[in-house]
2 protein chains.
Amino acid sequence: MGAEVKQTILNRLIGGIDAMSPRLRLAAKYIVDNQSAFGIDPIRTSADKAGVSANTFVRLADRLGFDGFDDLREPFRVSLLERYDGSAGEAWLDDLSHAGAFAADHARTLRNEMDIVKQSLRLLTPHKAEAAAALLTEARNAYVTATRSSYALAYYFHYVARMSLPHVHLIPRHMGSPVDEMVSVEPSDVLMAITFPPYSADTIDALRLARRSGMKVILLSDSELIAPAIQADLFLKVSVQSHHSFSCYAGAMAVLDSLLHHIVTRGGKAAELRISRYQSLREDFGAYWRAKLPRLRRE
Amino acid sequence: MGAEVKQTILNRLIGGIDAMSPRLRLAAKYIVDNQSAFGIDPIRTSADKAGVSANTFVRLADRLGFDGFDDLREPFRVSLLERYDGSAGEAWLDDLSHAGAFAADHARTLRNEMDIVKQSLRLLTPHKAEAAAALLTEARNAYVTATRSSYALAYYFHYVARMSLPHVHLIPRHMGSPVDEMVSVEPSDVLMAITFPPYSADTIDALRLARRSGMKVILLSDSELIAPAIQADLFLKVSVQSHHSFSCYAGAMAVLDSLLHHIVTRGGKAAELRISRYQSLREDFGAYWRAKLPRLRRE
DNA sequence: GCCTGCAAAGAACATATGTTCTGAAATCGC
DNA sequence: GCGATTTCAGAACATATGTTCTTTGCAGGC
């Protein structure tokens, strides 16, 4: 009952947003993006978060034909109640399991994803996380390598990490083998390798070269035993098991997210500043909604 | 974070209820029984529903050591906001929270990762998953696009999907804008765009072009409202919130993993075969341990 | 019986919240 | 360009909300 009303409002907000004035758009977008927060916050809080004034929300409510702001917020309040009560625990997954063949199969994959994420994060002890962050931060140069599908993970990690640590490099940069770009490594460098079965020969070569060069080695994989005569200084185990023939990388991504957090935290104010400079640089391009508005950010 | 505090309060309420006066008991029981309602209702409403006076709740808050009623209700509010206390009650995480400053911070990030993964997967209903798989499978050509850090996600998705569906293309392939590679799109094609704030102008352009071309559009993002005049045929919402200035992609990755599963499943025997052919092709290169070993595959 | 101590409700108060009003700034139309 | 219109924020206002104060009622002790 309440959920329908809410959906109707959302549809009207989405459908009518192109015909709205800039501030009304911001307010509408805020509601669509933060439905739960909008349900509980008082009008001024929502206004601050959305970057508009309080009475912009009043005007939005009026424009939508409501008697007042409260009438607009009410459906979001009750939907918050309904949804929460219905979703306590893992009931939603169990329900899915009994909602037909496709849903049951779907539920199995979702459960698997959550399991590998939990399992991977569990294995990332604070000690290991701290050690990894320290190794990467204090290295002269830190090389991140991977190939094929795990290259995506390395790409992401490098993309974010380099904002905080300019001495992080992704190899191979384009084509070719990672060893080609390791000609001038030194013992004060670090190699972080990411590989999953079937393990890449290129990555294994890079690991071997790193060992010979006396570099520190961080290995992110599902097994510590990748190939003979390979040992990592720090092994980060992640779970990638799946029901099909290829791996699931959600666990690995969660571990990388977590490492990035520590790297940025270690970087302190300077790192934060560098990242926000990247951000603002990019916003000059993709600034559609925020167009010419002052960026009011909470906290 | 909020979920823990709430749980602590509940435990204290339940544990201490025998030592309370009759009215305080009523109030305590009401909180335990109606956690969500207690989170949003003002004090007088809760008082009416519980059958006590307003200041009984004030006294209860005082007795529990809070500075005021608001402090008592706050954890219930935020837990309502977090929609899903995915990580509540994980003993190993709770232990971490009390093992020093670094471990506590670490635990916070792990909890966040698990929550966004759960939240994202919850939003991926079987209906949406099936629709996405169908759109991608039945398209003449399917284009996957993203830029900057989310390019990693698109890269991964394309890498695996194309084994099952050869008509999936990653754009932009190297440099340049995705629109450059959309010159010959047709209404029977599909565009799957992945973008997170700050939204990329290139991706938005691609979405606009897709709309004009009559293509079907799948949008994987944190918001349905990316830019004006953009609407997706299928919107897959994922949670990327984090405690720092950049997004966490574990939830997005879990959703992609899940979609890939359905795509491969839909592909049937033919797809499985194609994938294992890729696998064996790669193993000829990277076959170190496996060389003379039987391939043990779980399940 | 009277007093003390506690529990509880209701009234009184200060603050927070939604709403309205006003004037300034931006935008549009000509 | 310049006036008309729209959009918007800040102040002013009435109501709602949390808190405090006061009073009442009820036990138990001397």
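These figures come from a predicted structure and were not determined experimentally. Every heavy atom of this structure was used, including side-chain atoms; hydrogens, water molecules and symmetry mates were not. Labels below follow one simple rule: chain letters A, B, ... track the order of the sequence lines, proteins then strands, and each chain is numbered from 1.
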Nearest whole Å is fine: how far is C/dG10 C1' from B/D48 CG? 13 Å
Just verifying a value: how many Å separate B/Q231 CD and A/D18 CG, rounded to the nearest 0.5 Å? 7.5 Å
Could you give the CD1-to-P distance, from B/I40 to D/dT17, as a whole number of Å? 12 Å
Any N/O pairs under 3.5 Å between the protein and nucleotides 11-15 of chain C? List them or say none.
none

Run the ring-centre check on B/F38 versus B/F69 and record whether the distance is less than 6.0 Å. yes
Take atom CZ of A/R25 and atom C1' of C/dT27, then tell me their distance rounded to the nearest Å. 14 Å
A/F38 CZ - C/dG18 C1' separation (whole Å): 12 Å
Can you tell me how far P of D/dC8 sits from CG of A/D62, to the nearest Å? 14 Å
Inspect the surroundings of NZ in B/K128 and state if more than 12 heavy atoms from other residues, nucleotides or ligands are less than 6.0 Å away. yes
For the pair made of CG in B/L26 and C1' in C/dA7, what is the distance, rounded to whole Å? 13 Å
Give one of base, sugar-phosphate or nothing for B/S53, where a contact means two heavy atoms less than 4.0 Å apart. base
OP1, OP2 of D/dT6 versus side-chain N and O of A/S21: anything below 4.0 Å? no
Within the pair A/T56 and D/dT7, is there a side-chain N or O less than 4.0 Å away from OP1 or OP2? no
Check: B/F196 ring centre within less than 6.0 Å of B/Y249 ring centre: yes
Could you go through A/R59 and A/N55, starting from their C-alpha distance and side-chain angles, then the distance that decides it, and tell me whether this counts as side-chain hydrogen bond (donor to acceptor under 3.5 Å, both in side chains)? CA-CA 6 Å; A/R59 281 200 305 275; A/N55 70 12; 3.1 Å; yes
Quick test of your reading of the model: are A/D70 and A/R73 salt-bridged, counting only N-O distances below 4.0 Å? yes
B/V58 side-chain proximity, nearest of D/dT20, C/dT19, D/dA9: D/dT20
Expressed as a whole number of angstroms, how long is the span from B/D70:CG to D/dT19:C1'? 10 Å
5′-ward residue of the pair A/R59/B/D71 relative to DNA chain D: A/R59
Using a cut-off of 4.0 Å on non-hydrogen atoms, how would the nucleic acid contact of A/R63 be classed: base, sugar-phosphate, or nothing? nothing
In whole Å, what is the span from the CZ atom of B/F57 to the P atom of C/dA8? 13 Å
Nucleotide nearest A/R73 (side chain, heavy atoms from C-beta), chosen from D/dT19, C/dA8, C/dG18: C/dG18
So for atom CG, which belongs to B/D33, do other residues, nucleotides or ligands contribute more than 12 heavy atoms lying within a distance under 6.0 Å? yes
